[in-house]
There are 2 protein chains.
Amino acid sequence: MAISDAQRTALPTLEDVARAAGVSRATVSRVVNGAPSVSPELQRVVQDAIAAVGYVPNRAARQLITRRSGVIALVMSIAPGSAADASALDAGAPDDAVLRDPAPDGAASEDASPDASADTAVDRVFADPFFGRIVAGVLGFLRPLHLHPLLMLAEDEASRALVLDHLRQGAADGALVVSIDPADPLPGLLVQAGLPAVFFARPERPLPVRYVDLAHQDGGRLAAERLLAQGRRQVAAIAGPLSLHAGRARLDGFCDTMARHGVAYVPYTVGNFTQDSGERAMRELLEREPELDGVFAANDLMAVGALHVLRERGRRVPQDVAVIGFDDSSAAASARPRLTTVRQPVEAMAARMAQLLLERLDEPDSPPRAVLFDTELVVRASG
Amino acid sequence: MAISDAQRTALPTLEDVARAAGVSRATVSRVVNGAPSVSPELQRVVQDAIAAVGYVPNRAARQLITRRSGVIALVMSIAPGSAADASALDAGAPDDAVLRDPAPDGAASEDASPDASADTAVDRVFADPFFGRIVAGVLGFLRPLHLHPLLMLAEDEASRALVLDHLRQGAADGALVVSIDPADPLPGLLVQAGLPAVFFARPERPLPVRYVDLAHQDGGRLAAERLLAQGRRQVAAIAGPLSLHAGRARLDGFCDTMARHGVAYVPYTVGNFTQDSGERAMRELLEREPELDGVFAANDLMAVGALHVLRERGRRVPQDVAVIGFDDSSAAASARPRLTTVRQPVEAMAARMAQLLLERLDEPDSPPRAVLFDTELVVRASG
DNA sequence: GACAGATGTCCATCCTCATGG
DNA sequence: TCCATGAGGATGGACATCTGT
């Protein structure tokens with residue numbers, strides 16, 4: 001409380017500390033920043049003065065000269081550049097009500113609850129366990145370094161421009177971009193502007209950028225080998241969107257491996273990584289191939305949807321039909337039966353993505369680098 | 001690419017724009033900030049000059065004088081102040097490996113994947129669908145205002161100090177705090193320091209602060225009334241931690257309503273809001289009350305755990321046992337049978353929380369205000 | 001070379017004062 | 001008198017650089 005007033009008037013500055021300690025501003029600055037060349041006694045004196053006056057460095061002033069904000073933008077980029085293959089739902093998403101004045105209406109009505117932003121496409125991003133894992137990974141790496149992520153969403157041209165502006169304005173030192181759509185223009189825009197960015201998953205168009213990615217195809221292979229080892233031969237797949245590299249590669253890896261082992265025909269259906277789409281896909285596959293004994297889904301959410309449909313149709317898992325998912329998200333462990341799945345180490349990938357960005361910030365001229373992560377089969381009960 | 005070099009040397013400043021436009025700095029500033037008193041023609045001229053030289057305002061310089069960062073801290077606060085009742089798992093959580101030098105090791109080994117921060121307590125926060133809903137709500141409100149959330153985690157004394165420092169340093173203008181533990185000292189610290197903050201859920205100790213909260217007790221009542229209307233009389237409850245107001249109030253509301261309708265005895269077990277704890281609780285309840293015909297769980301995750309156990313024990317839901325959850329999280333809709341649940345409008349609450357903070361920032365002297373949200377029964381298949 | 005002081009720098013905004021219409 | 005605009009110094013606070021002992 002006592003501080004509250006002081007705050008509103010004037011916070012103590014370097015100058016104040018210097019005066020209190022009887023040294024120069026420069027010396028205080030040296031102590032604050034841990035410069036080596038200050039005698040222990042003086043350090044003590046300055047530290048005491050800092051504590052006495054309650055000094056905290058002003059980040060804006062520091063940033064003005066160091067040109068570092070200590071902030072990293074974490075961008076969830078969901079919108080396609082051109083009208084692309086986003087699920088039909090998105091079509092009618094209303095624009096945000098743009099408030100020009102940052103000051104909210106003083107007389108906001110008490111009862112009318114504010115907009116809850118029920119935008120389906122946006123909500124889906126944050127509801128997906130994937131988002132939480134990304135955040136956990138990024139935070140785990142950044143926090144010990146005293147850096148923090150600024151959360152941004154890029155879903156249309158205006159919001160993409162906002163991301164670029166923020167970086168140019170120095171609101172963040174660089175961007176970690178999780179881009180969902182292959183037609184996303186954001187990666188290209190960032191590269192063109194020469195802004196520091198690292199991507200989760202390789203951008204569709206070849207760009208000289210840093211990114212982390214997964215050996216998707218190999219993951220598909222692991223799933224196939226597991227099913228083959230169990231003697232399953234009537235297998236089917238629930239693929240992700242084929243417009244995405246991840247969608248294609250996981251399916252390819254699965255089908256190729258099956259073919260190599262004599263299973264030439266693998267019926268598949270395309271979903272969109274949601275549980276609902278997994279249910280629809282499973283129904284369709286059961287109609288086409290009533291005798292199937294194994295299913296590979298390109299992510300856990302769709303696999304869970306498949307589990308539901310199989311149970312509803314009286315197929316026992318794994319006795320009648322084996323199910324293998326992808327990601328090893330929280331959904332896999334909480335499903336019943338527990339889901340056998342191909343692990344994607346999202347947290348480690350996100351952490352590494354952050355590390356690559358810091359490398360780029362420290363050495364702007366170092367060559368772009370990509371890091372590929374391996375998958376791993378996590379055997380549980382479903383297959 | 002072309003810009004990249006320019007960037008490293010000198011970005012254009014207001015002065016440059018002024019020169020290019022043949023006007024004064026003041027005029028450029030007026031145009032940039034939308035001051036009313038600039039003639040349309042001049043505005044045009046200045047806008048063109050801005051575009052021509054590629055000017056973007058420097059946030060640090062602006063913040064230095066306006067004392068606004070345009071950033072809002074979103075703090076997930078999970079650790080208890082004293083050694084409190086967090087679930088046993090947390091006990092051995094290792095400290096972060098503190099890296100003093102912000103520069104990462106240049107020769108980071110390629111193969112050793114970086115720490116994925118497998119800290120269980122932290123991971124649980126981000127894996128919970130609750131987190132995504134908070135983010136979605138906050139972002140939905142802040143984005144149209146061109147404000148952005150800075151994600152922070154407070155789990156021990158050091159990280160709490162970091163949150164306070166960031167606010168004092170002006171890294172963020174205020175904080176939105178989602179505090180899990182009742183013994184959390186962060187709310188008290190923020191109040192004491194006079195820093196602008198709004199809380200999700202009322203702090204345990206009475207404090208003169210702004211917050212949003214839910215009519216938890218009323219939610220418990222809705223669940224009870226639903227079960228009573230179905231003629232269920234042998235009901236049990238899976239409560240949340242009783243150290244939390246939300247845990248107690250939901251249970252109280254449920255039990256009180258049952259008592260008022262002649263059901264005096266409601267056996268209950270305490271869980272910790274995870275699916276696993278819900279399973280354990282359900283097993284225990286079935287042993288104690290084999291004849292039960294209705295269960296109320298204090299959140300959806302525990303309700304889903306209960307569903308699994310009931311199925312495993314051959315009880316049909318809802319025919320034999322009705323199950324009602326709480327939250328209406330994504331887990332409710334994706335469960336089978338779909339979960340009847342008490343809705344907590346998390347997104348709207350989070351948005352409102354952000355709005356309250358902006359009110360406080362614009363009018364520091366306005367009195368603290370709390371907003372209570374109502375629950376609502378969402379009837380699906382489970383009860 | 002170890003240490004510390006003095007001063008210029010980063011850039012947008014606020015201010016005053018003046019000017020022309 | 002009023003209004004749009006110019007001109008340019010002062011300001012915010014920390015760091016960089018240079019100098020001097």
Side-chain angles (χ1 to χ4, degrees), chain A residues 6-47 49-50 53-70 102 165-166 168-171 173, chain B residues 6-47 49-50 53-70 102 165-166 168-171 173:
Chain A
Q7 251 190 346
R8 228 165 288 158
T9 57
L11 265 60
T13 76
L14 261 194
E15 185 88 44
D16 299 323
V17 177
R19 208 178 2 256
V23 300
S24 73
R25 280 184 323 209
T27 300
V28 179
S29 178
R30 289 184 185 111
V31 172
V32 169
N33 295 310
S37 62
V38 179
S39 72
E41 307 89 66
L42 252 192
Q43 283 193 34
R44 172 71 63 82
V45 171
V46 172
Q47 295 286 14
I50 286 175
V53 306
Y55 169 77
V56 284
N58 181 315
R59 284 179 92 94
R62 177 179 284 169
Q63 183 184 346
L64 189 54
I65 178 120
T66 62
R67 300 179 167 281
R68 281 287 188 108
S69 66
D165 274 351
H166 262 65
R168 278 196 279 252
Q169 293 172 1
D173 299 327
Chain B
Q7 253 191 344
R8 229 165 289 158
T9 57
L11 265 59
T13 74
L14 260 195
E15 187 88 47
D16 298 324
V17 177
R19 208 175 6 251
V23 301
S24 73
R25 274 186 332 215
T27 302
V28 178
S29 180
R30 289 182 187 119
V31 171
V32 169
N33 295 312
S37 62
V38 178
S39 73
E41 307 90 64
L42 252 194
Q43 283 194 33
R44 172 73 62 83
V45 172
V46 172
Q47 295 287 13
I50 286 175
V53 306
Y55 169 77
V56 284
N58 181 315
R59 281 179 97 93
R62 176 179 285 170
Q63 184 185 345
L64 191 53
I65 174 122
T66 62
R67 299 179 168 281
R68 281 286 189 109
S69 65
D165 274 351
H166 262 66
R168 278 196 278 251
Q169 294 171 0
D173 299 328

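A note on names: the letters A, B, ... follow the listed sequences, proteins ahead of strands, and every chain is numbered from 1.
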- Message: Rounding to an integer number of Å, can you tell me how far Asn58(B) CG sits from dG12(D) P?
- Response: 18 Å

- Task: May I ask you to say what Val38(A) touches in the nucleic acid, namely base, sugar-phosphate or nothing, with a heavy-atom cut-off under 4.0 Å?
- Result: sugar-phosphate

- Query: Which base, if any, makes a Watson-Crick or G-U wobble pair with dT1(D), both distances under 3.5 Å?
  - Reply: none

- Message: Return the pairing partner of dG5(C) with a 3.5 Å limit on both distances, Watson-Crick or G-U wobble; otherwise return none.
- Response: dC18(D)

- Task: Walk me through it: do Val32(A) and Arg62(A) pass the test side chain to side chain contact (heavy atoms under 4.5 Å, CB included)?
- Result: CA-CA 12 Å; Val32(A) 169; Arg62(A) 177 179 284 169; 3.6 Å; yes

- Item | Closest non-hydrogen atom pair, Arg59(B) against Ser69(B) | NH2-O, 3.4 Å

- Message: What's the closest nucleotide to the side chain of Val23(A) if the choices are dG5(C), dC15(D), dA4(C)?
- Response: dG5(C)

- Ignoring backbone atoms, establish whether Asn33(A) has a side-chain N or O less than 4.0 Å from OP1 or OP2 of dC15(D). yes

- When only distance counts, do a donor and an acceptor, one from the side chain of Arg30(A) and one from the base of dG5(C), lie under 3.5 Å apart? yes

- Task: Could you please name the option among dA12(C), dG13(D), dA14(D) that lies closest to any side-chain atom of Leu64(B)?
- Result: dG13(D)

- Report the distance from atom CZ of Arg168(A) to atom P of dC11(C), rounded to the nearest whole Å. 16 Å

- Message: Could you tell me how far apart Glu41(B) (CD) and dT5(D) (C1') are, to the nearest whole angstrom?
- Response: 13 Å

- Query: How close or far is atom P of dT9(C) from atom CZ of Arg62(A), stated in whole angstroms?
  - Reply: 22 Å

- Item | Integer-rounded Å distance: dG5(C) P and Glu15(A) CD | 12 Å

- With respect to the phosphate group of dG5(C), does any side-chain polar atom (N or O) of Thr27(A) fall under 4.0 Å of OP1 or OP2? yes

- Arg25(A) and Leu14(A): which non-hydrogen atoms are nearest, and at how many Å? O-CD1, 4.1 Å

- Which is it for Val56(A) and Asp165(B) under the side chain to side chain contact (heavy atoms under 4.5 Å, CB included) test, yes or no, and what are the steps along the way? CA-CA 7 Å; Val56(A) 284; Asp165(B) 274 351; 4.0 Å; yes

- Non-hydrogen side-chain atoms of Val23(B) and Val28(B) separated by less than 4.5 Å: yes

- Item | Nearest-angstrom distance from the residue atom CD of Gln63(A) to C1' of dA16(D) | 17 Å

- Item | Thr66(B) side-chain proximity, nearest of dA6(C), dC10(C), dT13(C) | dT13(C)

- Does Ser29(A) have a side-chain nitrogen or oxygen under 4.0 Å from the phosphate oxygens OP1 or OP2 of dC15(D)? yes

- Message: Does dC15(D) have OP1 or OP2 under 4.0 Å away from a side-chain N or O of Arg67(A)?
- Response: no

- Query: Does a distance-only test, which skips hydrogens and angles, find a donor-acceptor pair under 3.5 Å between the side chain of Arg25(A) and the base of dG8(C)?
  - Reply: yes

- Task: Kindly say if Ser39(B) contacts the phosphate of dT5(D), meaning a side-chain N or O under 4.0 Å from OP1 or OP2.
- Result: yes

- Separation of atom CZ in Arg68(A) from atom P in dA16(D), rounded to whole Å: 12 Å

- Query: Which residue lies toward the 5' end of DNA chain D, Pro40(B) or Ala60(B), if each is placed at its nearest nucleotide?
  - Reply: Pro40(B)

- Message: Without decimals, in angstroms, what is the distance between Asp16(B) CG and dC10(C) P?
- Response: 11 Å

- Message: I'd like to check the side chain to side chain contact (heavy atoms under 4.5 Å, CB included) partners of Val53(B); sequence neighbours left out, ordered by chain and number.
- Response: Pro12(B), Val17(B), Ala20(B), Tyr55(B)

- Message: Measuring to OP1 and OP2 of dC11(C), would you say a side-chain N or O of Tyr55(B) lies under 4.0 angstrom away?
- Response: no

- Assign Val56(A) to base, sugar-phosphate, or nothing according to its heavy-atom contacts below 4.0 angstrom with the strands shown. sugar-phosphate

- Note on the structure: Testing dA14(D), dT13(C), dA7(D) for proximity to the side chain of Ser24(B), the answer is dA7(D)

